[in-house]
Amino acid sequence: QVQLVESGGGLVQAGGSLRLSCAASGTIFSINAMGWYRQAPGQQRELVATITTGDMTNYADSVKGRFTISRDNAKNTVYLQMISLKPEDTAVYYCNANIRQSIFTVRTNEYWGQGTQVTVSS
């Protein structure tokens with residue numbers, strides 16, 4: 001099986017910074033795209049940022065210029081550096097990864113972390 005474990009959330013004042021980490025472990029042959037999503041109370045989960053194996057990135061318009069996604073393939077880890085945080089960034093942040101578990105299949109499975117709370121006070 002595969003587990004994604006996030007860390008780095010917390011409470012920060014507006015204008016502050018946080019760095020989220022998400023480490024994948026378990027039966028992993030390779031990891032394709034990885035990403036971060038968030039869900040605020042009463043709202044649907046939304047994409048924050050994604051990164052491919054070739055380090056191509058994609059960001060939600062609301063976080064462009066403030067958030068940076070990166071990955072360390074040797075550690076099976078994806079990061080989200082967040083600066084200039086705003087109260088509207090408050091949400092539970094979820095890590096996502098598409099993982100190939102065996103050399104004998106090209107199929108990938110999608111996995112989610114348990115989420116980490118980010119709270120930005122005004």
Side-chain angles (χ1 to χ4, degrees):
Q1 266 294 4
V2 172
Q3 282 191 320
L4 300 182
V5 179
E6 299 116 332
S7 61
L11 173 64
V12 64
Q13 289 188 330
S17 302
L18 283 174
R19 188 191 194 210
L20 305 182
S21 299
C22 172
S25 62
T27 306
I28 298 171
F29 175 71
S30 64
I31 303 178
N32 293 350
M34 303 183 81
W36 290 94
Y37 293 72
R38 67 186 181 186
Q39 187 169 18
Q43 298 188 17
Q44 290 189 332
R45 190 172 298 187
E46 64 176 4
L47 181 146
V48 176
T50 60
I51 184 168
T52 68
T53 52
D55 288 338
M56 291 184 63
T57 58
N58 179 53
Y59 295 94
D61 288 342
S62 58
V63 306
K64 283 180 181 177
R66 300 188 298 119
F67 291 10
T68 302
I69 189 171
S70 61
R71 62 191 288 172
D72 184 334
N73 293 324
K75 297 181 178 180
N76 290 336
T77 300
V78 62
Y79 305 97
L80 186 68
Q81 178 67 52
M82 306 183 291
I83 66 171
S84 302
L85 283 160
K86 305 176 181 179
E88 50 264 43
D89 294 318
T90 295
V92 178
Y93 284 70
Y94 296 91
C95 171
N96 173 274
N98 283 281
I99 296 175
R100 180 180 172 187
Q101 292 186 263
S102 169
I103 193 173
F104 300 110
T105 178
V106 297
R107 188 187 70 183
T108 60
N109 296 310
E110 185 178 44
Y111 291 92
W112 291 89
Q114 80 286 351
T116 184
Q117 177 70 47
V118 171
T119 303
V120 184
S121 63
S122 57

Pairwise distance [atom1]([X]) to [atom2]([Y]) - rounded to 0.5 angstrom:
{"X": "Ser122", "Y": "Lys86", "atom1": "OG", "atom2": "NZ", "value": "14.0 Å"}
{"X": "Ile31", "Y": "Asn98", "atom1": "CD1", "atom2": "CG", "value": "10.0 Å"}
{"X": "Ser21", "Y": "Gln81", "atom1": "OG", "atom2": "CD", "value": "9.5 Å"}
{"X": "Arg45", "Y": "Arg38", "atom1": "CZ", "atom2": "CZ", "value": "13.0 Å"}
{"X": "Asn96", "Y": "Cys22", "atom1": "CG", "atom2": "SG", "value": "9.0 Å"}
{"X": "Tyr79", "Y": "Ile51", "atom1": "OH", "atom2": "CD1", "value": "11.5 Å"}

Any link between [X] and [Y] through a network of hydrophobic side chains (Ile, Leu, Val, Met, Phe, Trp, Tyr) touching at under 4.5 Å?
{"X": "Tyr94", "Y": "Val120", "answer": "no"}
{"X": "Leu47", "Y": "Trp112", "answer": "yes"}
{"X": "Leu20", "Y": "Val92", "answer": "no"}

Could you tell me whether the side chain of [X] and the main chain of [Y] form a donor-acceptor pair under 3.5 Å?
{"X": "Tyr59", "Y": "Ile69", "result": "yes"}
{"X": "Arg100", "Y": "Thr105", "result": "yes"}
{"X": "Thr116", "Y": "Tyr93", "result": "no"}
{"X": "Arg107", "Y": "Gln101", "result": "no"}
{"X": "Glu6", "Y": "Gly115", "result": "yes"}

Item to complete: Report the C-alpha separation of Lys64 and Asp61 in whole Å, then their side-chain angles, then the decisive distance to 0.1 Å, and conclude whether the salt bridge (Lys or Arg N to Asp or Glu O under 4.0 Å) test is met.
Response: CA-CA 5 Å; Lys64 283 180 181 177; Asp61 288 342; 3.1 Å; yes

Worksheet entry | Gln3 CD: over 12 foreign heavy atoms closer than 6.0 Å |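 No, because the 6.0 Å sphere around CD of Gln3 holds 12 heavy atoms or fewer from other groups.
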
Item to complete: For atom CD of Glu110, decide whether the heavy atoms of other residues, nucleotides or ligands shown that lie under 6.0 angstrom number more than 12.
Response: yes

Worksheet item: side-chain contact (heavy atoms from CB on, under 4.5 Å) between Asn109 and Ile99: does it pass, once the steps are laid out?
Response: CA-CA 5 Å; Asn109 296 310; Ile99 296 175; 5.8 Å; no

Closest approach of [X] to [Y] (non-hydrogen atoms, all atoms of both residues):
{"X": "Ala91", "Y": "Ala40", "result": "CB-N, 3.8 Å"}
{"X": "Leu4", "Y": "Ala24", "result": "CD2-CB, 3.3 Å"}
{"X": "Ser84", "Y": "Ser17", "result": "N-OG, 4.5 Å"}

Item to complete: Go through the steps for Met82 and Val118 under the test side-chain contact (heavy atoms from CB on, under 4.5 Å), then give the verdict.
Response: CA-CA 10 Å; Met82 306 183 291; Val118 171; 4.0 Å; yes

Discussion item. Please evaluate residues Thr53 and Arg71 with respect to the criterion side-chain contact (heavy atoms from CB on, under 4.5 Å), reporting the C-alpha separation (whole Å), side-chain torsions for both, the decisive distance (0.1 Å), and the verdict.
Written reply: CA-CA 9 Å; Thr53 52; Arg71 62 191 288 172; 4.1 Å; yes

Fill in: Leu85 and Phe67, any side-chain heavy atoms less than 4.5 Å apart
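They are in contact (side-chain heavy atoms under 4.5 Å apart), so the answer is yes.
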
Item to complete: Could you walk me through whether Cys95 and Val78 pass side-chain contact (heavy atoms from CB on, under 4.5 Å), step by step?
Response: CA-CA 8 Å; Cys95 171; Val78 62; 3.8 Å; yes

